[in-house]
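First listed ligand is number 1; within each ligand, the first listed atom is number 1. Heavy-atom basis, side chains included; hydrogens, waters and symmetry copies ignored.
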Amino acid sequence: MPIRRRIQSGKMAGINRINDRRNKSFYFVLMFMLFFLSILFTEIFFVEENASMEFSFFERLRWKKDTNKEIVLPPHVARELAQVITEEDLDIIVNLYYDSQQDEDDELLGSKNADHWQSVRGTKDKFFVFSAYLDDRRVRLVRVIAAARTRNANKVMCKFWFAGGYPPVTVPAFNKLIQENWNLKYSAYFVLCPLSKGLSTLPERVSIISSENAEITNWLVVHNNKKDSTSSQGIAVCVKPMHYSYNKLLNFIEFIELNRIFGAQHFVLYNNTIGHDVACVMRQYMANGMMTVLPWKLDLVSQKEIRTEGLFAALNDCLYRTMYRFRFVLMIDFDEFIVPHKSESLIEMLGFLINKKPAKTGAYSFQNSFFYLQWPKDPKSSSLPLHLVTLERTMRKLKFHPHKQRSKCIVLPERVVEMGNHFVWEFLPGRAMVDIPSSIGFLHHYRICEFGGNDCINTTSVVDRRIYRWKDQLVQAVQTRLRNWDFVCNFSAVSSDININISH
Ligand SMILES: *[C@@H]1O[C@H](CO)[C@@H](O)[C@H](O)[C@H]1NC(C)=O
Ligand SMILES: *[C@@H]1O[C@H](CO)[C@@H](O)[C@H](O)[C@H]1NC(C)=O
Ligand SMILES: *[C@@H]1O[C@H](CO)[C@@H](O)[C@H](O)[C@H]1NC(C)=O
């Protein structure tokens, strides 16, 4: 009997049942069945068709799904299957398999099915895990991005899951506090899971558990970027979690496009809450492969229990997520731009800088300078077709902040262990921060007075039209996006807001 028909006939029931029955015991039964089935099918197809034996059963199912062709099971196989499994169970398994495959694909594209916050059950205080990365730079370990109590976080263990039928292995974990925590109850953590030298294979997944026999409540893919990417090239940008239904459409497009003009290739963003228009634009960028968006729903109260939606967990996730894939990574906010003042682009500037101290450099620090939004707009901007903040606001505070105070970094991820907001907390041995003089480049920061009110407006300022170097390119890039995506995103609904939004 064709599997295809079974899938369709039982699909609705299957989906409902998935929702109903996604509990642990079921999961284990499922794992067992998958394992059993894969053995069964490998054997069967081996006998039936020698020619294409490099395909596994699941690859065949997938191929079938992709091409919409049917795989007709030989009668004796269908009979054998029918004895061990009901049709509905098969539907569930097939659907779940597709879901999990989808996860793997989407991960690269950064969709909703990728890493997300999951809880560890059985701990005294709340304990969450987000993602896991293989890190063999010093000792070989799996580094899990987590959030837990700042003082005396619960001891946990790591349960490694392997492909190829190896049994899982459980090891005690080591909690390493990520140092920036603002004295709140919860902090970002690295949960370090050591990989013993004796292991002949690397784990595919890891679960963080409160004790040896605790219930499995999380299931993280162990990312192995080093293996999965050929070389680290180009520039990526990381931004802390987006919240308050972030919807500054024009600011957002301006941020992406100006950074692209500077040479950035990819953006990694975290979705706490995003407004309709920005979300629609993000989907277009994602479809173009330029953006990764990770869901970011951490069950802790922002600013009361943990600093700004756990931003230090996001920054460090982004550090490891981009490692081995991008050579340089910017860690900035949407109202900040690291602007080259001597070179024409960040690529050119970084190419020049890296040759000065090729071995020692771990990251570059760029000084902060405020372009206060209360200051008047540049008269030159009045003829622009769009309200772009970097072209309208050209008055900047004369005095730069010293490095480490509000400065932002471009890091070489492979050389960094722990990232902070304004500087690097820990480098690999022999690597260090290089402070960049403002004549080469600095951080343009577009915002209102930092201490509230208008006290800042009387500080000494200068006019800085550096961004006008890229004016035409920038205006054209933003206009093109708005024009191309208006139809899908229905910007007309906000066209009046575009002015209001942006004029600050
Ligand atoms: C952001 O997350 C919400 C769910 O929390 C989801 O519905 C939405 O599609 C996500 N947006 C993007 C652009 O990823
Ligand atoms: C700025 O300076 C002007 C003129 O000296 C003064 O009238 C105004 O009150 C000052 N504003 C603030 C916010 O300090
Ligand atoms: C687009 O926005 C307009 C104005 O708000 C609204 O009337 C219209 O229904 C929207 N169209 C779609 C397809 O959402």
Practice problem: Return the orientation label for the W375 and Y372 ring planes: parallel under 30°, perpendicular over 60°, tilted otherwise. | Solution: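 Rings of W375 and Y372: perpendicular, as their planes differ by over 60°.
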Practice problem: May I ask you to decide if the ring planes of F128 and W117 are parallel, tilted or perpendicular, using 30° and 60° as cut-offs? | Solution: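 If you compare the ring of F128 with that of W117, the planes turn out perpendicular.
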Exercise. Run through K185, R149, K126 and flag the one making a salt bridge (Lys or Arg N to Asp or Glu O under 4.0 Å) with E305.
Key: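 Considering K185, R149, K126, a salt bridge (Lys or Arg N to Asp or Glu O under 4.0 Å) with E305 is found only for K126.
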Quiz item: Is there a donor-acceptor contact under 3.5 Å linking the side chains of S207 and W161?
Solution: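 Distance-only check passes for S207 and W161.
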Exercise. Using only heavy-atom distances, determine whether the side chains of D317 and S131 contain a donor-acceptor pair under 3.5 Å.
Key: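 Side-chain D/A pair, D317 to S131: present.
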Practice problem: For residues T123 and S210, determine if any side-chain heavy atom of one lies less than 4.5 Å from a side-chain heavy atom of the other. | Solution: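 T123 vs S210: side chains touch.
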I need the atoms of ligand 1 closer than 4.0 Å to a non-hydrogen atom of [X], numbered in the order shown.
X: V293; answer: 14 (O)
X: N271; answer: 1 (C), 2 (O), 3 (C), 8 (C), 10 (C), 11 (N), 12 (C), 14 (O)
X: K297; answer: 5 (O)
X: R283; answer: 9 (O), 11 (N)

Practice problem: Just let me know how M286 lines up against ligand 1, side chain, backbone, both or neither, with a heavy-atom cut-off below 4.0 Å. | Solution: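 For M286, there is no contact with ligand 1 at all, from either part.
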Quiz item: If you count the atoms of ligand 2 from 1 in the order shown, which ones are under 4.0 Å from a heavy atom of N454?
Solution: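 The list of qualifying atoms is 13 (C).
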Quiz item: Measuring to protein heavy atoms, does anything land under 4.0 Å from atom 9 (O) of ligand 2?
Solution: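 So atom 9 (O) of ligand 2 lacks protein heavy-atom neighbours under 4.0 Å.
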Quiz item: How about atom 5 (O) of ligand 2: does it have a protein heavy atom within less than 4.0 Å?
Solution: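 Answer no: nothing from the protein, no heavy atom, is under 4.0 Å.
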Practice problem: Only heavy atoms count here, so choose which of A279, G275, P295, S245 is nearest to atom 13 (C) of ligand 1. | Solution: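 Shortest heavy-atom distance from atom 13 (C) of ligand 1: A279.
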Quiz item: Do NZ/NE/NH1/NH2 and the carboxylate oxygens of D333 and K408 come within less than 4.0 Å?
Solution: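 So D333 pairs with K408 through a salt bridge.
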Quiz prompt | Heavy-atom nearest neighbour in the protein, as seen from atom 3 (C) of ligand 2, with distance rounded to 0.1 Å | solution =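 The closest heavy atom on the protein side is N458 ND2, 3.6 Å.
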Quiz item: Do ligand 2 and D455 have nitrogen or oxygen atoms that lie under 3.5 Å from each other?
Solution: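 So ligand 2 has no N or O lying under 3.5 Å from an N or O of D455.
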Quiz item: Does NZ belonging to K124 count more than 12 external heavy atoms closer than 6.0 Å?
Solution: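 Check fails, neighbour count at 12 or below.
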Quiz item: Taking both backbone and side-chain atoms of N272, is any N or O found less than 3.5 Å from an N or O belonging to ligand 1?
Solution: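 There is no such contact.
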